[in-house]
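If you're wondering where the values come from, they're calculated on a predicted model, not measured in any experiment.
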Amino acid sequence: MLKENTQQIIRESLTDINQPVRLVVMTGEKGCEICPETVEIARAIKAAAPKIALEIYDFTMDRDKSEEYGIKQIPSFVVESQDGRTVTFSGALEGISLVLLLDVIASIAAGRAWFPERISSTLKLLVNEVPVQVLLENDCSLCRPVAETAIGLALSNKLVSTEIIVADDYPELLAKHRIKILPYTLFGPKLHLEGHVSESTFLEMIFKAEGEKVISDRQCIVCGLASPDLICHSCKTKIQAEAVNHKRKDEKVQDRGSAMGSHNHS
């Protein structure tokens with residue numbers, strides 16, 4: 001049985017879900033100790049928000065589904081919007097990863113924009129899909145803002161596919177990439193950064209990973225002016241400032257909503 005505080009977090013986070021959100025859960029029976037609890041969490045989410053379309057698959061038996069969503073490890077949750085934007089969570093859902101998963105579901109249902117227009121419009125320059133993976137720990141407060149940025153970019157453009165991975169549950173990944181510091185962010189198959197990553201750096205790394213925007217005359221991809229970097233210093237500064245302001249406004253709105261919910265509940 002799920003812990004009562006886990007069930008309470010799920011109920012309180014999903015009280016206002018009135019738009020469909022697709023939740024695809026990939027598990028496996030053999031050798032997966034955390035898969036049963038993953039299924040319990042999925043069913044608790046469905047119980048708290050009936051509008052959620054829940055689908056549960058077996059990694060081995062339903063190979064077509066695991067390939068469709070690019071799932072490499074179990075257990076995995078895929079949250080999908082009606083227009084095909086996806087965010088995947090792999091590993092034990094508790095602490096930060098559970099909160100982020102519930103936030104993604106609520107954000108998609110509400111149509112909430114995670115970033116200002118400058119970031120969304122810059123992402124429209126993408127031509128090819130870029131996978132982003134953030135490895136974190138569930139009790140790592142420094143990991144959360146990096147994961148939130150990666151999630152926000154995936155929700156802003158379907159060519160960014162983000163996966164949030166609980167590192168301790170996949171020691172083979174830690175060994176493969178020789179990871180010593182978390183969070184650890186992979187952009188495509190080759191590029192990575194350790195520790196904090198700002199919104200502007202995230203954008204630059206995504207375009208570097210895509211490999212289509214290495215412009216011979218060295219122009220900023222945002223403003224078109226001469227620049228030694230893919231995104232010039234001026235645009236980076238503007239992007240960062242707007243992202244911070246947008247986040248502050250969003251937090252104030254959420255705080256007001258939480259306060260109203262508490263008042264109504266009382």
* Asked: Is there a donor-acceptor contact under 3.5 Å linking the side chains of Gln8 and Glu4?
  -> no
* Sidechain-backbone polar pair: Thr201 side chain, Val197 backbone, donor-acceptor under 3.5 Å -> no
* Lys/Arg-Asp/Glu bridge criterion (N-O < 4.0 Å) met for Arg22, Glu55 -> yes
* To do: Decide, based on the SG atoms alone, whether Cys232 and Cys235 are under 2.5 Å apart.
  => no
* Any residue meeting disulfide bond (SG atoms under 2.5 Å apart) with Cys143, in chain and number order, not counting sequence neighbours -> Cys140
* Asked: For residues Ser76 and Ser90, is any side-chain donor paired with an opposing acceptor at under 3.5 Å?
  -> yes
* **Residues Arg118 and Glu199 bridged, charged N to O under 4.0 Å** => no
* To do: Taking all heavy atoms of Ser97 and all of Leu93, pick out the closest pair and write down the distance.
  => OG-CA, 3.5 Å
* Atom CD of Glu210 and atom CG of Leu230: how far apart are they, to the nearest 0.5 Å? -> 10.0 Å
* Asked: Under a 4.5 Å side-chain heavy-atom rule over Ile, Leu, Val, Met, Phe, Trp and Tyr, are Leu102 and Leu2 clustered together?
  -> yes
* **Shortest non-hydrogen contact from Ala92 toward Ile34** => N-CD1, 3.6 Å
* Asked: What is the minimum heavy-atom distance between Leu182 and Ala167, and which atoms define it?
  -> CD1-CB, 3.9 Å
* Asked: Do any N or O atoms from the side chain of Thr162 and from the backbone of Ala150 form a donor-acceptor pair under 3.5 angstrom?
  -> yes
* To do: Answer yes if Phe187 and Ile165 sit in the same cluster of Ile, Leu, Val, Met, Phe, Trp and Tyr residues linked by side chain heavy atoms under 4.5 Å apart, and no otherwise.
  => no
* To do: Give a yes or no answer on whether the side chain of Asn157 reaches the backbone of Leu123 with a donor-acceptor pair at less than 3.5 Å.
  => yes
* Asked: Are Ile10 and Val99 linked, directly or through other ILVMFWY residues, by side chains that come within less than 4.5 angstrom of each other?
  -> no
* To do: Verify the distance criterion only: is there a donor paired with an acceptor across the side chains of Ser161 and Glu129 at less than 3.5 Å?
  => yes
* To do: Verify whether one side chain among Ser81 and Asp83 offers a donor that lies under 3.5 Å from an acceptor in the other.
  => yes
* Backbone N or O of Lys65 within a donor-acceptor pair of the Asp62 side chain at under 3.5 Å? -> no
* Any side-chain donor near an acceptor of the partner, Glu40 and Gln7, under 3.5 Å -> no
* Asked: Can you check whether Arg63's main-chain N or O pairs, donor with acceptor, with Ser66's side chain at less than 3.5 Å?
  -> yes
* To do: Kindly say whether Ile52 contributes a backbone atom to a donor-acceptor pair with the side chain of Lys46 at under 3.5 angstrom?
  => yes
* To do: Assess whether atom NE2 of His177 is packed by more than 12 heavy atoms of other residues, nucleotides or ligands within 6.0 Å.
  => yes
* State plainly whether one hydrophobic cluster holds both Leu136 and Leu173, where clusters connect Ile, Leu, Val, Met, Phe, Trp and Tyr through side-chain heavy atoms under 4.5 angstrom apart. => no
* Is there side-chain contact between Leu191 and Leu186, with heavy atoms separated by less than 4.5 Å? -> no
* Hey, what do you get for CG (Leu23) to CD1 (Ile56), rounding to the nearest 0.5 Å? -> 8.5 Å
* Gln240 and Ser200: side-chain donor and acceptor closer than 3.5 Å? -> yes
* To do: Rounded to the nearest 0.5 Å, what's the gap from CD1 on Ile179 to CG on Leu135? Could you check?
  => 4.5 Å
* To do: Check whether the side chains of Tyr184 and Gln133 place a donor and an acceptor atom closer than 3.5 Å, and report yes or no.
  => no
* **Neighbour count >12 (heavy atoms, 6.0 Å) for atom CZ, Arg43** => no
* Asked: Between Arg144 and Glu148, is the closest basic N to carboxylate O distance under 4.0 Å?
  -> yes
* Would you say the side-chain atoms of Thr237 and Ser234 include a donor-acceptor pair closer than 3.5 Å? -> no
* hydrophobic_cluster_shared for Ile9 and Val39, side chain cutoff 4.5 Å -> yes
* Asked: Any donor and acceptor pair, going by atom type alone, linking the side chain of Tyr170 with main-chain N or O of Ile74 inside 3.5 Å?
  -> yes
* To the nearest 0.5 Å, tell me how far Leu174 CG sits from Asp168 CG. => 7.0 Å
* Please report the closest heavy-atom contact between Ile71 and Phe59, naming both atoms and the distance. => O-CE1, 3.4 Å
* Structure fact -> Nearest heavy-atom contact between Ala147 and Ile164 is CB-CD1, 3.9 Å
* Asked: Got a second to check how far Gln82's CD is from Gln19's CD, nearest 0.5 Å?
  -> 6.5 Å
* **disulfide (SG to SG under 2.5 Å) assessment of Cys223 paired with Cys220** => CA-CA 6 Å; Cys223 67; Cys220 170; 3.7 Å; no
* Asked: Are Lys51 and Asp16 close enough, and set up right, to give a salt bridge (Lys or Arg N to Asp or Glu O under 4.0 Å), and what steps lead you there?
  -> CA-CA 10 Å; Lys51 281 279 187 181; Asp16 298 322; over 6 Å; no
* Structure fact -> Shortest non-hydrogen pair, Cys32 vs Pro75, comes out as SG-CD, 3.9 Å
* Got a second to check how far Thr27's OG1 is from Phe77's CZ, nearest 0.5 Å? -> 9.5 Å
